[in-house]
Amino acid sequence: MSVLVTGGLGYIGSHTCVELINAGVDVVVVDNLYNCKKSSYDRIKALVGRDFKLYICDIRDKQGLNQIFEEEKIDSVIHFAGLKAVGESVEKPLEYFDNNVNGTLVLLDVMRNHGCKKIVFSSSATVYGLNNVSPLTEDMEVGGVTNPYGRTKYMIECILKDLYTSDNEWSICLLRYFNPIGAHKSGTMGEDPNGIPNNLMPYITQVAIGKREQLTVYGNDYDTHDGTGVRDYIHVVDLALGHIKAVEKVESENGLFIYNLGTGIGYSVLDVVKAFEKASNVTIPYKIGARRAGDIATCYSSTKKAFDELGWKAERGIEEMCEDSWRWQTQNPNGYPD
């Protein structure tokens, strides 16, 4: 079986490639290197002990994608490639809709023209919006998103649902992620954000090694056990293993499948800070800032459907997530080499 992984050198994509290759899957990666570095390719190869195909190509490049599908026998696609920073999406909505939505349309058209109708899409819990009550289940109404990034994920889900309605030869799996953190146990692969991190864990680790002065906690007056926002954090390797189960699903039957990938456990910002301090033996200075617009008090998943239908559940707890994040950061203080 051969799987095309778009955005396969990024944070989640690279960890998924390792798990796919270790499971005996032939992997073909396409990446434009916008949000990652090519040295990620070498790290994956070192971990799996063999080479794999890499194409430097933008998913909006129809000619380039056509060439890949003509040269490779692609059975299914895992689609990660996309811009992903909420704040940046507010500043650059056209770029986000062009890259994420238009890029997906180009990819789907090329897939259809080459008779490849199996896709696993990297979606997000942001599609649940602000009005659903946790634990979030896959049958809840979606669409009340508050930023362009979230709207691109919701729009792509709509496109994929309409595609399946029009042609049920497709097999489509929508994976709604919660908050991926952690790193590969080796410490050679992890999250390497460009510029100032948008996510909690890489910000914490950069404070811990002295790259940032302190963490800002946005709001401490939410209706939670310590006043800070509660989220569902999942180890990136557990997330990667969920993609293997999703690929097996789309390979085994046609249909439209939707699954949450999380732990089903909510941790507050300060819970994560304390867990990281315990794992690293480093004190994390922080200050309390104002709430961010659009943030909600609590967001965590129900994972029952993924367990019942895919036989998947997250195995790694918050302690291991913190330990692995710290190992990656200390071994790679400046991230991946250029």
Identify the two heavy atoms, one from [X] and one from [Y], that lie closest to each other, and give their separation to 0.1 Å.
| X | Y | answer |
| --- | --- | --- |
| Ala183 | Trp328 | CB-CB, 3.6 Å |
| Gly262 | Ser301 | CA-OG, 3.6 Å |
| Thr126 | Val145 | O-CG1, 2.9 Å |
| Val30 | Cys57 | CG2-O, 3.4 Å |
| Ser302 | Thr137 | CB-CG2, 3.7 Å |
| Arg43 | Tyr336 | CG-CE2, 3.7 Å |

Are [X] and [Y] close enough that a side-chain donor and a side-chain acceptor fall under 3.5 Å?
| X | Y | answer |
| --- | --- | --- |
| Asn260 | Tyr128 | yes |
| Gln67 | Tyr55 | no |
| Glu88 | Tyr96 | yes |

Other residues, nucleotides, ligands: >12 heavy atoms within 6.0 Å of [X] [atom1]:
| X | atom1 | value |
| --- | --- | --- |
| Lys313 | NZ | no |
| Lys304 | NZ | no |
| Glu169 | CD | no |
| Tyr286 | OH | no |
| Lys45 | NZ | yes |
| Asp223 | CG | no |
| Asp338 | CG | no |
| Ile196 | CD1 | no |

With a 4.5 Å heavy-atom cut-off, do [X] and [Y] have their side chains touching?
| X | Y | value |
| --- | --- | --- |
| His114 | Ile74 | no |
| Met321 | Thr263 | yes |
| Arg327 | Ser186 | no |
| His243 | Val3 | no |
| Val29 | Cys17 | yes |
| Ile68 | Val110 | no |
| Cys36 | Asp192 | no |
| Glu157 | Arg176 | yes |

Inter-residue atom distance [X].[atom1] - [Y].[atom2], 0.5 Å rounding:
| X | Y | atom1 | atom2 | value |
| --- | --- | --- | --- | --- |
| Ile59 | Asp31 | CD1 | CG | 10.0 Å |
| Asn22 | Leu241 | CG | CG | 9.5 Å |
| Ser40 | His15 | OG | NE2 | 8.5 Å |

Are [Y] and [X] connected into the same hydrophobic cluster when the rule is that any two of I, L, V, M, F, W, Y join if their side-chain heavy atoms are below 4.5 Å apart?
| X | Y | result |
| --- | --- | --- |
| Leu33 | Tyr11 | yes |
| Ile172 | Val120 | no |
| Ile181 | Leu215 | yes |
| Leu175 | Val142 | no |
| Ile78 | Leu239 | yes |

Measure the acute angle between the ring planes of [X] and [Y], then classify it against the limits of 30° and 60° as parallel, tilted or perpendicular.
| X | Y | answer |
| --- | --- | --- |
| Tyr41 | Phe52 | perpendicular |
| Phe80 | Tyr177 | tilted |
| Trp326 | Phe276 | perpendicular |
| Phe257 | Tyr259 | parallel |

Exam field: side chain [X] to backbone [Y], donor-acceptor pair closer than 3.5 Å:
| X | Y | result |
| --- | --- | --- |
| Asn100 | Leu83 | yes |
| Asn132 | Glu141 | yes |
| His235 | Val237 | yes |
| Thr228 | Ser268 | no |
| Trp170 | Leu256 | no |
| Glu277 | Ile284 | yes |
| Thr205 | Pro202 | yes |
| Thr303 | Ala306 | no |
| Asp324 | Gly182 | no |
| Asn332 | Gly187 | yes |

Worked verdict on Thr16 versus Glu19 for side chain to side chain contact (heavy atoms under 4.5 Å, CB included): CA-CA 5 Å; Thr16 301; Glu19 300 305 326; 5.8 Å; no
Look at [X] together with [Y] and state whether they make a salt bridge at an N to O cut-off of under 4.0 Å.
| X | Y | result |
| --- | --- | --- |
| Lys249 | Glu253 | yes |
| Arg112 | Asp109 | yes |
| Asp75 | Lys118 | no |
| Lys305 | Asp308 | no |

cation_pi(Arg291, Tyr222) dist<6.0 Å, angle<=45: yes
Residue pair Asp226, Asn220: steps toward the side chain to side chain contact (heavy atoms under 4.5 Å, CB included) verdict: CA-CA 7 Å; Asp226 62 16; Asn220 66 342; over 6 Å; no
Residues Glu319, Lys278; criterion side chain to side chain contact (heavy atoms under 4.5 Å, CB included); working and verdict: CA-CA 8 Å; Glu319 296 82 5; Lys278 182 178 178 182; 5.5 Å; no
Val106 and Leu65: CA distance, side-chain angles, deciding distance, side chain to side chain contact (heavy atoms under 4.5 Å, CB included) verdict: CA-CA 9 Å; Val106 173; Leu65 284 185; 4.1 Å; yes
Side chain to side chain contact (heavy atoms under 4.5 Å, CB included) partner of Ile119, the single match among Leu174, Leu108, Val250, Val247: Leu108
